[in-house]
Amino acid sequence: MSKQQVKQIRTVKHTRDILPRDFTSDTSAQSHKFQYIESVAREAFRRYGFQEIRTPIFEYTELFARGVGEETDIVSKEMYTWRDLGANNTPGAGDSLTLRPENTAPVIRSYIQHQMWQQSDLAKLFYIGPQFRRERGQKGRFRQFYQIGVEIIGKSDNPAIEAEVIEMLDWILKELKILNTTLSINSVGCPKCRPQFNEMLKKEIEPRLVNMCGDCNHRYETNILRVLDCKRDTEIVAQLPSIQDLLCEECRAHFAEFCRHLDKRKLKYQVDPKLVRGLDYYTRTAFEVLTTSDDLGSQNALLGGGRYDGLSESLGGPPSKGFGFALGLDRFVMSLPEEVSDPSIPKVFLAHLGKEAFEFSLILAGCLRKVGVSCAMDFEMRSLKNTMKLADRSKARYTIIIGEEELTKGRFVLRDMVTREQLELTEAELLEKLKAN
RNA sequence: GCGGGCAUAGCUCAGUUGGUUAGAGCGCUUGACUGUGGAUCAAGAGGUCGCCGGUUCAAGCCCGGUUGCCCGCCCCA
């Protein structure tokens, strides 16, 4: 059968492969960059005392419906949901399951399921993994995307916790040299003061509704806070009351404390009263780090997060405070300023000439690898010139040349591919030298 | 869910008012150079021009449909 007759199977629409550098020139989809960001994040988590949690990538649909909110865009139209097999493998008769569209609700579910509060007053958890939302893709948006996030759950809602997280994020961004960013913060109030603000907002907006865009009319019904975020009706929005002026005493004090802790750490931020979040569970502090470059197309949010003090209870757990963020790994990769070194580049390339040298090289490569040296070699019989071309392309720092001469002498040519210096070394000397640097 | 743009070699793209055997650059393989990479030169491999139909003596090009991708809206990371 010719290949044209067989339909090619490709990635599902709006999903993509993250490939090794060798196989793609798309710098936003290279696996070593994802690894690099993950390693920087893991180092931050080590320093700040976070422990890794890995939850399943699918959960009962109910978790997200209750945790994230039925009315949110995520739950109402963006989830991958299906019916599991029921009894006797009856299709569609089983539980409703969903690929996770975010990871906070699963982490809280796990916190409750394993009664983590019994072990510690404060659980400091981080996760790294794929999330799934059924959206139309565009620059910086995919149906399977990757997030790194943390959740701090437990007794305390001290704003110092929030400032500490911001400090950690600041370190991660600087370490990655992602510098063209701004931090926006706001308070979205609590169950005590937000309903009053929503009421007032409704009253203010209602008479102006006829002059506002269709989206705002929709938001008026579903999530009135989001009207504040509208980019079209900016003149009208500017006349609306600010939530900052209507916070209750406790929320006001909490927010002031948060700002004070940021100031003490000399962390720069701007208060944005229009910053609201799309997920129902947020209370009090909300924040976003936005990029000022256009690397992300029309997207500008690199990460976002906030406080969710009621989430545990709404999922049937004990009253617990919670604070966390999620950062978009794909978007971080797109924002990296420079080429990052690829750890898969081998240290040494073994260039063999002839069958006998090939056999020897196979064993020598094994010896080098056992002492921790990464090696690459070719499995064809080529001229030295062509083998050197491969060595060059592999970007290995050193090449060991192994031919008949070397085999009889027991001394091998070690070529430094950058300085072009060559040494003649015995096998033992090779191992020693390459191991050392 | 709604808009806009684009589909030609592995990649980036040319391709004239429709005209014979479909091109370039990069990459790949080989050679010039018998055991030394990056440079240069040469040769070679690699295409049902996304798919289906229509118009025409003739379609990569025109028309209709379809699929895919990209970008934007909504929303988010």
Side-chain angles (χ1 to χ4, degrees), chain A residues 2-5 7-16 22-26 68 71-78 101-104 129-149 213-219 222-223 226 229-232 276-279 288-291 294 296-305 324-335 349 351-354 357 380 382-407 413-418 420-422:
Chain A
S2 76
K3 74 178 175 187
Q4 282 82 18
Q5 288 173 288
K7 189 190 165 208
Q8 225 195 84
I9 300 172
R10 20 177 316 129
T11 50
V12 173
K13 73 169 80 162
H14 303 131
T15 68
R16 58 180 186 159
D22 286 358
F23 302 107
T24 178
S25 55
D26 178 356
V68 179
E71 296 305 316
T72 60
D73 278 29
I74 290 178
V75 173
S76 65
K77 60 181 197 194
E78 294 178 356
E102 59 98 54
N103 223 149
T104 298
Q131 316 292 337
F132 306 86
R133 292 182 198 172
R134 196 180 177 289
E135 299 182 281
R136 284 290 292 270
Q138 56 183 279
K139 199 175 177 80
R141 285 179 58 187
F142 313 96
R143 288 190 171 180
Q144 171 167 344
F145 59 103
Y146 295 82
Q147 285 189 331
I148 300 178
C213 69
D215 289 327
C216 277
N217 276 268
H218 181 67
R219 292 178 186 120
T222 55
N223 189 346
R226 295 223 61 87
D229 213 19
C230 185
K231 285 135 207 154
R232 257 171 291 179
V276 293
R277 318 245 63 225
L279 284 53
E288 281 180 352
V289 171
L290 308 175
T291 178
D294 58 359
L296 301 184
S298 71
Q299 268 59 244
N300 61 356
L302 280 170
L303 63 94
F325 70 82
L327 72 79
L329 197 38
D330 309 80
R331 293 183 181 179
F332 265 57
V333 169
M334 288 188 278
S335 303
F349 193 98
H352 62 268
L353 280 158
E380 306 293 327
R382 298 178 207 265
S383 67
L384 182 60
K385 180 181 184 63
N386 284 327
T387 307
M388 289 303 288
K389 238 180 203 169
L390 293 182
D392 183 51
R393 214 185 317 146
S394 80
K395 295 195 163 72
R397 176 67 195 261
Y398 299 100
T399 299
I400 301 173
I401 297 168
I402 302 154
E404 275 175 46
E405 263 177 56
E406 285 79 6
L407 281 179
V413 174
L414 179 70
R415 179 177 175 84
D416 184 320
M417 299 298 275
V418 177
R420 311 175 107 180
E421 285 170 323
Q422 298 197 161

Worksheet, complete the sentence: The contact string for nucleotides 35-42 of chain B, one letter per nucleotide 5' to 3', using protein heavy atoms under 4.0 Å with B, S and - for base, sugar-phosphate only and none, comes out as BBBB----

Practice prompt. Identify, between A:D330 and A:S298, the residue whose nearest nucleotide on RNA chain B lies closer to the 5' end.
Written response: A:S298

Item to complete: Output yes when a side-chain donor or acceptor of A:Q147 lies under 3.5 Å from a complementary backbone atom of A:G149, and no otherwise.
Response: no

Worksheet entry | P spacing across the pair B:rU8 / B:rC62, given as an integer number of angstrom | 15 Å

Fill in: d(CZ, A:R136; P, B:rG68) in whole Å
10 Å

Worksheet item: Counting only N and O atoms by type, is there a donor-acceptor contact under 3.5 Å from the side chain of A:S76 to the main-chain atoms of A:T72?
Response: yes

Practice prompt. Treating a pair as Watson-Crick (purine N1 to pyrimidine N3 plus N6-O4 or O6-N4) or G-U wobble (N1-O2 and O6-N3) with both distances under 3.5 Å, list the stems of 3 or more consecutive pairs that involve RNA chain B.
Written response: B:1-7 with B:67-73, B:10-13 with B:23-26, B:28-32 with B:40-44, B:50-54 with B:62-66

Worksheet item: Using a cut-off of 4.0 Å on non-hydrogen atoms, how would the nucleic acid contact of A:A326 be classed: base, sugar-phosphate, or nothing?
Response: sugar-phosphate

Worksheet item: If only atom types and distance count, is the side chain of A:N300 paired as donor or acceptor with the main-chain N or O of A:L296 below 3.5 Å?
Response: no

Discussion item. Between A:K139 and A:D330, does any NZ, NE, NH1 or NH2 come within less than 4.0 Å of an OD or OE carboxylate oxygen?
Written reply: no

Item to complete: Starting from P on B:rG68, measure out to NE2 on A:H14 and report it in whole angstrom.
Response: 9 Å

Worksheet item: Roughly how many Å is it from CG in A:N300 to P in B:rG72, rounded to a whole number?
Response: 12 Å

Fill in: Contact list for residues 384-395 of chain A, test salt bridge (charged side-chain N to carboxylate O under 4.0 Å, His left out), sequence neighbours left out
none

Worksheet item: Across the strands shown, which category fits A:H218 at heavy-atom distances under 4.0 angstrom: base, sugar-phosphate, nothing?
Response: nothing

Worksheet item: Could you state the interatomic distance from CG (A:L329) to CD1 (A:I148), rounded to the nearest 0.5 Å?
Response: 4.5 Å

Worksheet item: Which is true for A:Q299 with a 4.0 Å heavy-atom rule: it touches a base, it touches only sugar-phosphate, or it touches nothing?
Response: base

Item to complete: Go through A:D416 and A:Q422 one step at a time and tell me if the side-chain hydrogen bond (donor to acceptor under 3.5 Å, both in side chains) criterion holds.
Response: CA-CA 6 Å; A:D416 184 320; A:Q422 298 197 161; over 6 Å; no

Practice prompt. Send over the distance from A:E135 CD to B:rC2 P, rounded to a whole Å.
Written response: 16 Å

Practice prompt. Using the C1' atom on both, measure B:rA9 against B:rA39 and round to a whole Å.
Written response: 26 Å

Worksheet item: Over how many whole Å does the gap from A:L296 atom CG to B:rC71 atom P extend?
Response: 11 Å

Fill in: Distance, P atom - from B:rC70 to B:rC75, rounded to whole angstrom
22 Å

Discussion item. Taking only the P atom of each, what is the distance from B:rG65 to B:rC6 in whole angstrom?
Written reply: 16 Å

Practice prompt. Could you tell me the separation between the CG atom of A:D26 and the C1' atom of B:rC69, rounded to a whole number of Å?
Written response: 13 Å

Practice prompt. Pick the P atom in B:rG4 and in B:rC49, then give their distance to the nearest Å.
Written response: 29 Å

Worksheet item: What distance separates A:R415 CZ from A:I400 CD1, expressed to the nearest 0.5 Å?
Response: 13.5 Å

Practice prompt. Under 4.0 Å between any heavy atoms, over every strand shown, what does A:I74 touch: base, sugar-phosphate, or nothing? Just pick one.
Written response: nothing

Practice prompt. Could you tell me whether A:G140 contacts a base, only the sugar-phosphate backbone, or nothing, with contacts defined as non-hydrogen atoms closer than 4.0 Å?
Written response: base

Worksheet item: For the pair made of NZ in A:K13 and P in B:rC6, what is the distance, rounded to whole Å?
Response: 20 Å

Practice prompt. Quote, to the nearest angstrom, the P distance that separates B:rU21 from B:rG60.
Written response: 10 Å

Worksheet item: What is the distance from atom CD of A:Q299 to atom CG of A:L290, rounded to the nearest 0.5 Å?
Response: 11.5 Å

Discussion item. When you measure from the centre of the six-membered ring of A:F142, is the NZ or CZ of A:R16 closer than 6.0 Å and no more than 45° off the axis?
Written reply: yes

Discussion item. On RNA chain B, compare the nucleotides closest to A:R134 and A:K139; which residue's is nearer the 5' end?
Written reply: A:R134

Discussion item. So, OP1 or OP2 of B:rG72: does either fall under 4.0 Å of a side-chain N or O from A:Q138?
Written reply: yes

Discussion item. For the C1' atoms, the ones on B:rA22 and on B:rA59, what distance do you get once it is rounded to whole angstrom?
Written reply: 13 Å

Worksheet item: Rounding to the closest angstrom, what is the interatomic distance between B:rC57 and B:rU66 at atom C1'?
Response: 29 Å

Discussion item. By the 4.0 Å heavy-atom rule, please label A:F142 as base, sugar-phosphate, or nothing.
Written reply: base

Response to the item:
To the nearest angstrom, the CG-P distance between A:D73 and B:rC73 comes to 14 Å

Fill in: Atom pair CE/CD1 of A:M388 and A:I401 - distance to nearest 0.5 Å
5.0 Å

